[in-house]
Amino acid sequence: MPVRVRFAPSPTGFLHIGGARTALFNWLFARKHNGAFILRIEDTDQSRYVAEAEDDFKDGLRWLGMQWDEGPEVGGPHGPYRQSERTELYQKWVNWLIENDSAYRCNMTGDELAALREQQKKLGLKPGYDRRNRDKKLGPDIGPHVVRFKMPLDGQTVVHDEIRGDIVFENADLPDLVLLKSDGLPTYHLANVVDDHAMQISHILRADEWIPTAPLHAQLYRAFGWEMPKIAHLPVILSPTGKGKLSKRDQAFQEGGKQVLVQVREFRRAGYLPEAVVNFLTNVGWASGDDSEVFSPQAAMARFELKDINPAGSKLPYDKLEWLNGVYIREKLSETELADRLVPVLEEAGLTVDRTVLEKVVPLITERMKTLNDAIEKVAFLFGDTVTVNPEDLIQKKMDEESTVKALEAALQALSALETFDHETQEAAMRDLVDELGIKTGQLFGTLRVAVTGQRVSPPLFETMEIIGQETVLERIQAAIAMLQPA
RNA sequence: GCCCCCUUCGUCUAGCGGCCCAGGACGUGGCCCUCUCAAGGCCAAAACAGGGGUUCGAGUCCCCUAGGGGGCACCA
């Protein structure tokens, strides 16, 4: 039986990092087995529907490099792939269940149900639907109604989870869940079972929070007489606050002075590389088993086994993502590729990028970046006409205005005298000057750095000056001297 | 309240009865390199939740307790 898995998000919000991890494990599993990775949009909740969500899912998956084999846009033999377009199918199967005495209609309203629950709580009873219409065989002419599943009242249901092993449930604890809502749309429970069967899904890899309803789904498969796909429940991603799962949060937030990103688009905007995010996510809840930390999806696929997934929930190690992203920037991307990715980021930040200059500076900043966004402040002084210098920054440790001006003037003279302005020549000249002036290299280089870049921290000074060019360098040094000697 | 899942360094994890007085990575601290910042190199501190079993032997198997998480919707 071919492997066919699906990622089936509900379009109620943007692609969440936890959802991306679920998608990733599905994708890895499908690719490992030369199977199909299917995208299905579970849009059966009209009240929570968000129109932009589907595009965000697709953008996110594509950005991360997980192309789906069947689904919206690409089509496939089992479409349509939006549940809202498959309603007749659910209707058909629900009727089949009613005819086979496995489901029944119930016209109790939501308000009545809520009141019942309230009352039960007061009396200390288990809250829940009391199955009052279970055996009445109500017809379709009872006005607004739902269709509920007839759960067995005794016995046990065993769900074999590929990660955890057998999980046993007492049927008596399980409710008669709603299959078809009064608006005629199916609930997740019905739609998911009908579609997984219709789409010939072989393995269900879904989030942990579905474990409690798994026996319900198992009973549905049994009622239909269908073979249930193999199933594995993926551990949840926990919030770094230590309280609950991350998915409760919809957007980035601050925790302990750090930014906690939640949506995939937020990771993208923050300057993370999709390759790094994928690598990072692969290592949460699963590990390569050989202590390697940096690896391609292909390498992960080779070893990926459901049984090796860690069933425990985990927090995202954001610090590790920063480090990994740095690794990808400096070791996995060529200078040209990095420049390509930097251009839109810098332009977005309002800089007018000169590609030639950018390519020269890229080698100087790669090992100083954790995210693409880090490049913005590192190269800004290259793409403006002037730099803003704080005079106090010009004066280095154990120096004063007078000695600083003296040093800058000497440097100005020496640098202007250079025939060639490459960094080796500059450095040789400046080191000679350090000896002449009797100061430390850090003192001279430091004040020059501030004068030329406006920053106390910059890429290596002489390589930077080489890029800026002799003329501009001299101008900036003169400007710095002028700052320290008000007219 | 009821049901279910989970539990190794701060964090992500390796470990599938003896190879573990527990390995790797991030982070943290120290040292080295050094024109700043990085990167890099070296070193260090840091964990089997607790208690019972089973066994010649338990981080690894079983039970209990505790803690964490999830679910108990006409949401997925």
Side-chain angles (χ1 to χ4, degrees), chain A residues 8-12 42-45 47-48 106 108-110 113-114 117 121 124-129 144-148 159 161 163-164 167-170 172-175 177-183 185-189 191-192 206-215 233 235-236 238 240 242-245 280 283-294 307-308 310-324 326 330 364-370 374 378 396 427 430-431 434 440-446 448-450 453 455-462:
Chain A
S10 184
T12 54
E42 307 221 330
D43 55 348
T44 54
D45 183 357
S47 62
R48 295 198 306 162
C106 175
M108 203 173 173
T109 66
L113 220 37
R117 270 196 291 269
K121 270 186 199 164
L125 300 169
K126 290 195 249 193
Y129 176 63
H145 63 274
V146 301
V147 177
R148 286 182 181 271
V159 174
D161 184 286
I163 298 170
R164 285 157 251 261
I167 306 175
V168 182
F169 299 84
E170 294 295 329
D173 294 330
L174 273 19
L177 75 164
V178 171
L179 300 177
L180 201 69
K181 298 180 273 187
S182 56
D183 63 3
L185 291 176
T187 58
Y188 169 82
H189 311 292
N192 140 273
R206 61 169 24 162
D208 218 340
E209 64 219 40
W210 293 105
I211 292 178
T213 50
H233 291 93
V236 288
L238 269 17
K243 287 184 188 296
K245 55 177 184 176
F280 166 69
N283 247 341
V284 177
W286 183 81
S288 67
D290 67 352
D291 286 343
S292 62
E293 298 282 341
V294 185
K307 67 172 176 53
D308 294 332
N310 182 347
S314 48
K315 298 172 190 173
L316 289 180
Y318 286 92
D319 286 342
K320 210 164 181 172
L321 172 62
E322 278 220 332
W323 165 77
L324 244 190
R330 79 182 87 94
L364 304 186
I365 61 172
T366 50
E367 68 193 28
R368 280 161 249 265
M369 283 193 281
K370 291 258 198 289
D374 287 345
K378 296 195 187 303
Q396 301 293 302
E427 181 162 357
M430 289 302 101
R431 285 195 185 275
V434 163
K440 296 248 169 55
T441 50
Q443 293 174 314
L444 206 222
F445 297 179
L448 277 175
R449 182 190 316 284
V450 173
T453 69
Q455 302 168 355
R456 306 183 71 123
V457 174
S458 82
L461 179 62
F462 305 111

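The sequence lines fix the lettering, A, B, ..., with proteins before strands; numbering per chain opens at 1.
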Quick one: is [X] getting a side-chain N or O under 4.0 Å of the [N] phosphate, OP1 or OP2?
X        : N     : result
A:Lys181 : B:C75 : yes
A:Arg164 : B:C6  : no
A:Arg148 : B:C74 : yes
A:Ser314 : B:U13 : yes
A:Ser10  : B:C75 : no

Suppose you measure atom [atom1] in [N] against the same atom in [M]; what distance do you get, rounded to whole Å?
N     : M     : atom1 : value
B:A14 : B:A39 : C1'   : 28 Å
B:G24 : B:U65 : P     : 37 Å
B:C56 : B:G68 : P     : 38 Å

With both distances under 3.5 angstrom, what nucleotide forms a Watson-Crick or G-U wobble pair with [N]?
N     : result
B:A25 : B:U11
B:C33 : none
B:C2  : B:G71
B:A39 : none

Inset, instruction - Could you run through nucleotides 24-40 of chain B and give me one letter per nucleotide, 5' to 3': B if any protein heavy atom sits under 4.0 Å from the base, S if only the sugar-phosphate is that close, - if neither? - result: BBSS-------BBBBSS
Inset, instruction - Would you mind reading off the distance between A:Asp208 atom CG and B:G70 atom C1', rounded to a whole angstrom? - result: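 Roughly 6 Å, once rounded to whole Å.
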Legend entry - A:Glu293 vs A:Lys320, side-chain contact (heavy atoms from CB on, under 4.5 Å): CA-CA, chis, key distance, verdict: CA-CA 10 Å; A:Glu293 298 282 341; A:Lys320 210 164 181 172; 3.2 Å; yes
Inset, instruction - Mind listing the closest non-hydrogen atom pair of A:Ser292 and A:Ser288 along with its distance? - result: OG-OG, 3.0 Å
Legend entry - Atom of A:Asn310, atom of A:Pro235 and distance for their closest heavy-atom approach: O-CG, 3.0 Å
Inset, instruction - Indicate the ring-plane relationship of A:His189 and A:Trp210, choosing parallel, tilted or perpendicular according to the 30° and 60° boundaries. - result: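 Answer is perpendicular, since the angle exceeds 60°.
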